[in-house]
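Scroll down for the structure; my scribbles are underneath it.
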Amino acid sequence: MSQTYNHFNVTSPAPYIAHVEINRPEKLNAFYQDMWMEYAQIFNTLSHSPDVRSIILSGAGPTFTVGLDIHKTSLAFPGSDSARKAWEIRRRMAEFQECISASEKCEKPVICVLHGFSMGLAIDIACATDIRISSADAKFAVKEVDIGLAADIGTLSRLPKIVGSLSWVKDVTLSARIFSAEEAHRVGFVSAVERDKDAAVKKALEMASLISAKSPVAVQGTKAIVNWSVDRTVADGLAYTRVWNAAALQTGDVGEAVGATLGKREARFEKL
Ligand SMILES: CC/C=C\C=C\CC(=O)SCCNC(=O)CCNC(=O)[C@H](O)C(C)(C)COP(=O)(O)OP(=O)(O)OC[C@H]1O[C@@H](n2cnc3c(N)ncnc32)[C@H](O)[C@@H]1OP(=O)(O)O
């Protein structure tokens, strides 16, 4: 896991855990195109690494990310007529959405630590992770309307499913108002609030350790089934789960997990 990236630090703080840190603190980790391309590359690589069972995502410095780099991102697109311009914009937006979706598509659970400012694209990114933990000082804003955009890289599609309240989602997306960690916790956007960034990273590490100690067949299957089921009916979800388990239940991990529980010992699972 010693690969070098231009705008990210990727380390392994403990066995089977990867820590991805957005590393552009002098610009409050603002994202431009090279960064979202690199972001996707990292999650695609970690997705298939047998040495990784859970992933932590955070930002270098005090801020998670202030979102889109509003200095370096141009919204002028090439094309000799409106149709060609529109085609190009659609293609680039698809690529951008695909890059940020890489953490959702990643086979391993991703725990996002939100600290300092999380604005605009930060919320898109956080929504495409599996578990969100925040520091008490965190400030959130779905900032797009403030820069004239409804352009969406995931928040408008995922946030309603995460928090379940359309009224609250419209409140924060239409106003772009800043909301606190306490509010984010109350509505269910984050599942825990810790004293500060260090405590939030520590909590994420504890969670990642818990997950990494479990059967990777069970953990990766659980993420895949929950993500598949969230957009479908219960009947479809049940059907998918039994087909998935027709393969997964044949794993030796079940015997190892049950044996470890009965023998009051730590389970050991093969790499996946
Ligand atoms: C195609 C569309 C797809 C996706 C769209 C996504 C939309 C979004 O992400 S909307 C959100 C965009 N972000 C912002 O609007 C935040 C703007 N920043 C601020 O309001 C402030 O920086 C602050 C967050 C309130 C923090 O203020 P402060 O603590 O005083 O720090 P600064 O001195 O302002 O910033 C330090 C340093 O960072 C640079 N910077 C901050 N934000 C951005 C940014 N969004 N893009 C690029 N650079 C940013 C700022 O310029 C400073 O750099 P210097 O070199 O020191 O000037």
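Index from 1, following the sequence. Whatever order the structure lists them in is the order used to number ligands and atoms, beginning at 1. Only a predicted model underlies this, so the values are computations on that prediction, with no experimental measurement involved.
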> Using the ring of each side chain (for Trp, its six-membered ring), is Phe96 parallel, tilted or perpendicular to Trp36, with breaks at 30° and 60°?
Replying inline: parallel

> In terms of hydrophobic clustering (I, L, V, M, F, W, Y; side-chain heavy atoms under 4.5 Å; direct or indirect links), are Trp168 and Phe140 co-clustered?
Replying inline: yes

>> If the cut-off is 4.0 Å to any non-hydrogen atom of Met93, which atoms of ligand 1 fall inside it?
In response: 1 (C)

> For ligand 1, which atoms sit closer than 4.0 Å to a heavy atom of Ala30?
Replying inline: 44 (C), 46 (N), 47 (C)

> Hey, do the aromatic rings of Tyr32 and His7 have their centres closer than 6.0 Å?
Replying inline: yes

> Which bit of Thr73 gets closer than 4.0 Å to ligand 1, counting heavy atoms only: side chain, backbone, both or neither?
Replying inline: neither

> What do we get for Ile153 next to ligand 1 when only non-hydrogen atoms under 4.0 Å count, side chain, backbone, both or neither?
Replying inline: side chain

>> If the contact criterion is a heavy-atom separation under 4.0 Å, does Phe96 count as touching ligand 1?
In response: yes

> Short list, please: which atoms of ligand 1 are under 4.0 Å from a heavy atom of Asp69?
Replying inline: 46 (N), 47 (C)

> Given that the side chain starts at C-beta and the backbone is N, CA, C, O, which of these parts of Glu26 lies under 4.0 Å from ligand 1, counting heavy atoms, or is it both or neither?
Replying inline: backbone

>> Taking the six-membered ring of Trp228 as reference, does the cationic atom of Arg232 (NZ for Lys, CZ for Arg) lie under 6.0 Å from its centre and within 45° of its axis?
In response: yes

> Less than 4.0 Å between atom 33 (O) of ligand 1 and some protein heavy atom, yes or no?
Replying inline: no

> What are the atoms of ligand 1, with element, lying closer than 4.0 Å to any heavy atom of Gly67?
Replying inline: 9 (O)

> Should you measure from each heavy atom of Leu68, which atoms of ligand 1 turn up under 4.0 Å away?
Replying inline: 5 (C), 6 (C), 7 (C), 8 (C), 9 (O), 12 (C), 44 (C), 45 (N), 46 (N)

>> At less than 4.0 angstrom from any non-hydrogen atom of Glu144, what atoms of ligand 1 do you find?
In response: 6 (C), 7 (C)

> What residue and heavy atom of the protein are closest to atom 24 (C) of ligand 1, and at what distance?
Replying inline: Val66 CG1, 3.6 Å

> Relative to the heavy atoms of Ile147, which atoms of ligand 1 are at a distance of less than 4.0 Å?
Replying inline: 7 (C), 10 (S)

>> Looking at every non-hydrogen atom in both residues, tell me the closest pair between Ser135 and Ala181 and how far apart they are.
In response: O-CB, 3.4 Å

>> Counting only heavy atoms from other residues, nucleotides and ligands, does the tally under 6.0 Å from CZ of Arg268 exceed 12?
In response: no

> Got an N/O contact under 3.5 Å between Ile70 and ligand 1?
Replying inline: yes

>> Need the ligand 1 atom indices (1-based, order shown) with element for anything under 4.0 Å from a heavy-atom of Phe117.
In response: 24 (C), 25 (C), 26 (C)

> Tell me: protein heavy atom nearest atom 49 (C) of ligand 1, and distance?
Replying inline: Lys27 O, 4.1 Å

> Atom CD1 in Ile123, atom CG in Asp152: separation rounded to 0.5 Å?
Replying inline: 11.5 Å

> Looking at Val163 and Val187, what are the two nearest heavy atoms and their distance?
Replying inline: CB-O, 3.5 Å

> Which heavy atom of Val217 sits nearest a heavy atom of Asp253, and at what distance?
Replying inline: CG2-OD2, 3.6 Å

